[in-house]
> 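Sharing a structure below in structure tokens format, with a few things to ask.
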Amino acid sequence: HEVSNAIVSSTLTTVVVFLPMLFAEGIPGQLSKGVASTVAFSLMASLFVAITIVPMLASVFFRDKSEIAANVKGSTRYAKMQSRFQEGRILGWVKDRYESILRFSLRRWVRPFVFVAIMLVAVGSGGLMFLVGAEFMPVSDQPFSSLKVALPVGTSLETTDRVVGQIEETFAGTPEIKLFGAWGGVSEATSQDVAYGSADAGVNTAQMFIKLQEKADRSRSSMEIIDELRKKMPAVEGGKFEFPDMNASMYGTSDKPIVVNVYGRDLATLKRLSERVIEAISGIEGLRDVDTSMRKGQPEIGVRIDRERAGNMGLTAGQVAAEIQAAMLGTIATAFRKGGEEFDVRLRYAPRFRSSKESLGRIPIKTPLGSYVLVSDIADVASGTGAVKIDREGQMRKAVVGANYVDRDLASIVKDLKKELRPLEEKEFPSGYSTEVTGQYEQMKDCNDYLEIAFLLAVLLVFMVMPALCE
């Protein structure tokens with residue numbers, strides 16, 4: 001009865017500290033809900049033990065002294081041990097010193113010094129937060145990695161294969177690498193990813209995977225090995241070699257931990273500004289694999305239909321586009337069955353009738369009157385380049401500049417990055433164009449904002465529980 005109120009108060013004040021974490025959302029919620037519920041359940045279980053089982057055990061071990069003395073006369077080993085425990089020979093030394101220190105600390109002239117010492121320790125501990133770095137997630141040693149190879153547009157498959165072979169020789173000469181593999185171009189396995197824009201479609205690109213030795217069998221970390229491999233990549237003009245952050249992929253965040261979004265409307269301007277951003281931040285210590293989503297466009301042949309001329313022939317833009325698509329991609333005319341399997345038969349023009357700008361202009365289009373007109377008669381056919389991928393956010397086009405980092409913490413790198421971006425945005429960005437730092441930094445910022453709110457709620461709940469139980 002004497003200590004139950006204090007035990008309940010101390011336990012509940014700790015439980016309410018974790019209570020706000022149960023209502024977190026997103027990644028902070030996924031990280032904190034399990035911890036909060038586990039701690040709360042454990043504390044409530046310990047409270048149950050403290051007010052039920054512990055008093056019962058105390059009634060056995062801490063008996064009346066007269067009863068203990070009678071047991072000592074019996075010379076049983078259990079009674080003697082119980083006597084020594086009750087007399088304080090085990091805990092007496094600690095109890096006496098604690099009592100003397102407590103009495104000394106509560107003297108009137110000592111209290112200010114004790115208060116100042118406690119405040120110095122608290123402030124000093126809080127000040128250490130500004131001396132250490134900040135990360136969204138701890139960087140762990142991964143036994144595997146990958147490499148994205150992107151050579152200039154127009155590179156043949158043979159050249160890509162030769163470059164990949166050079167990289168494979170580098171991998172083979174690295175003792176920490178256990179297995180590696182590569183593929184390039186489009187296959188049946190990657191065609192769907194290409195359709196959704198999550199994989200490259202050209203034969204100028206390749207993907208490689210690396211399996212490292214177990215951590216116990218190598219002296220270097222995976223980050224050190226990958227950083228050395230970056231320096232050994234072949235020198236190819238216009239080629240890019242990127243090792244994605246495997247930690248970011250495992251945590252379900254963006255492909256690169258550091259992302260700078262450049263917002264605007266014109267694609268050419270976005271490409272120019274994203275390249276200026278790359279130039280500005282590439283010199284920051286620790287940044288690796290800086291790249292932009294505004295890559296060099298793929299060569300293409302564009303057909304711009306003159307609606308007035310097509311209308312005079314009784315044709316719509318949709319009809320002309322459908323005829324061109326049927327000629328270039330073909331249409332499924334029938335199906336071929338063999339051995340219980342069915343194969344589509346696609347009918348389209350022979351390669352010599354669809355392999356150049358001139359042959360595209362000579363594709364005949366049937367009019368509603370039964371006559372034929374060439375594509376070049378109702379449309380302008382011209383060669384050019386098209387954007388590989390157009391990113392949008394909130395109805396606004398954007399260019400994504402991403403980067404990996406090594407040997408530094410995320411917060412310090414983002415601080416230097418913002419310092420470089422601020423003058424660039426003020427001097428060179430036209431009206432309507434802006435930048436925003438996202439990626440893991442944005443998620444870390446959201447998590448910190450939530451923790452600040454959770455801390456304030458926890459303090460409020462503690463001061464609500466303590467008076468309710470103690471008064």
> Could you grab the distance from atom CD1 of Ile225 to atom CD1 of Ile210, nearest 0.5 Å is fine?
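Here the interatomic distance stands at 9.5 Å.
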> Of Met233, Arg230, Met208, which meets side-chain contact (heavy atoms from CB on, under 4.5 Å) against Phe241?
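Single side-chain contact (heavy atoms from CB on, under 4.5 Å) partner of Phe241 among Met233, Arg230, Met208: Met233.
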> Tabulate below the donor-acceptor pairs under 3.5 Å that side-chain atoms of residues 115-125 make, not counting sequence neighbours, or state none.
residue, atom, partner, partner atom, Å
Ser125, OG, Val121, O, 2.7

> Any salt bridge (Lys or Arg N to Asp or Glu O under 4.0 Å) pairs touching residues 109-120, not counting sequence neighbours?
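Qualifying pairs: none.
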> Looking at Thr170 and Gln166, would you say the former's side chain and the latter's main chain have a donor-acceptor pair under 3.5 Å?
yes
> Does anything in residues 165-183 pair up under salt bridge (Lys or Arg N to Asp or Glu O under 4.0 Å), and if so which pairs, sequence neighbours excluded?
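Sorted result for residues 165-183: Glu176-Arg220.
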> Verify the distance criterion only: is there a donor paired with an acceptor across the side chains of Gln142 and Ser222 at less than 3.5 Å?
no
> Can you list every salt bridge (Lys or Arg N to Asp or Glu O under 4.0 Å) pair that touches residues 272-284, not counting sequence neighbours?
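For residues 272-284, and leaving out neighbouring residues, the salt bridge (Lys or Arg N to Asp or Glu O under 4.0 Å) pairs sorted by first residue read Lys271-Glu275, Arg276-Glu279, Arg276-Glu428.
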> Spell out, as yes or no, whether a donor-acceptor pair under 3.5 Å connects the side chain of Tyr441 to the backbone of Ile413.
no
> Could you tell me if the side chain of Leu147 sits less than 4.5 Å from the side chain of Phe171, heavy atoms only?
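The answer is yes, as the side chains (C-beta and beyond) meet within the 4.5 Å cut-off.
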> Under 4.5 Å between any side-chain heavy atoms of Val401 and Ile278, yes or no?
yes
> Between Glu99 and Arg103, does the salt bridge (charged side-chain N to carboxylate O under 4.0 Å, His left out) criterion hold? Intermediate values first, please.
CA-CA 6 Å; Glu99 184 177 354; Arg103 290 183 181 277; 3.2 Å; yes
> Give a yes or no answer on whether the side chain of Arg392 reaches the backbone of Arg397 with a donor-acceptor pair at less than 3.5 Å.
no
> Walk me through it: do Asp289 and Lys148 pass the test salt bridge (charged side-chain N to carboxylate O under 4.0 Å, His left out)?
CA-CA 10 Å; Asp289 302 329; Lys148 293 181 179 180; over 6 Å; no
> State whether the side chain of Thr11 and the backbone N or O of Val8 hold a donor-acceptor pair below 3.5 Å, judged by distance alone.
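Answer holds: no.
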> Knowing that exactly one of Ile281, Val406, Asn404 qualifies, which makes a side-chain contact (heavy atoms from CB on, under 4.5 Å) with Leu287?
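Passing option: Ile281.
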> Go through Glu228 and Lys232 one step at a time and tell me if the salt bridge (charged side-chain N to carboxylate O under 4.0 Å, His left out) criterion holds.
CA-CA 7 Å; Glu228 180 185 350; Lys232 294 182 178 181; 2.9 Å; yes
> To the nearest 0.5 Å, what is the distance between CG on Leu151 and CD on Glu237?
12.0 Å
> List in chain and number order the residues that pass salt bridge (Lys or Arg N to Asp or Glu O under 4.0 Å) with Lys211, two or more places apart in sequence or in another chain; answer none if no residue qualifies.
Glu214
> In a table with atom names and distances, give each donor-acceptor pair under 3.5 Å that connects a side chain of residues 448-456 to protein atoms at least two apart or in another chain.
residue, atom, partner, partner atom, Å
Asn448, ND2, Met444, O, 3.3
Tyr450, OH, Pro20, O, 2.6
Tyr450, OH, Met21, N, 3.3

> Side chains of Ser221 and Glu224, heavy atoms from C-beta outward: is any pair under 4.5 Å?
yes
> Kindly compute the distance separating CD (Glu242) from OG (Ser146), expressed to the nearest 0.5 Å.
8.5 Å
> Within this structure, what is the NZ-OG1 distance for the pair Lys240 and Thr292, rounded to the nearest 0.5 Å?
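Atom-to-atom, Lys240:NZ and Thr292:OG1 are 7.0 Å apart.
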> Considering all heavy atoms of both residues, which atom of Leu417 and which atom of Ile258 are nearest to each other, and what is their separation?
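That closest heavy-atom pairing would be CD1-CG2, 3.8 Å.
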> Which heavy-atom pair separates Asn261 from Tyr263 by the least distance, and what is that distance?
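Scanning both residues, the minimum pair turns out to be ND2-OH, 3.3 Å.
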> Could you check whether any side-chain N or O of Thr14 sits under 3.5 Å from a backbone N or O of Ser10, counting only pairs where one atom can act as donor and the other as acceptor?
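Answer holds: yes.
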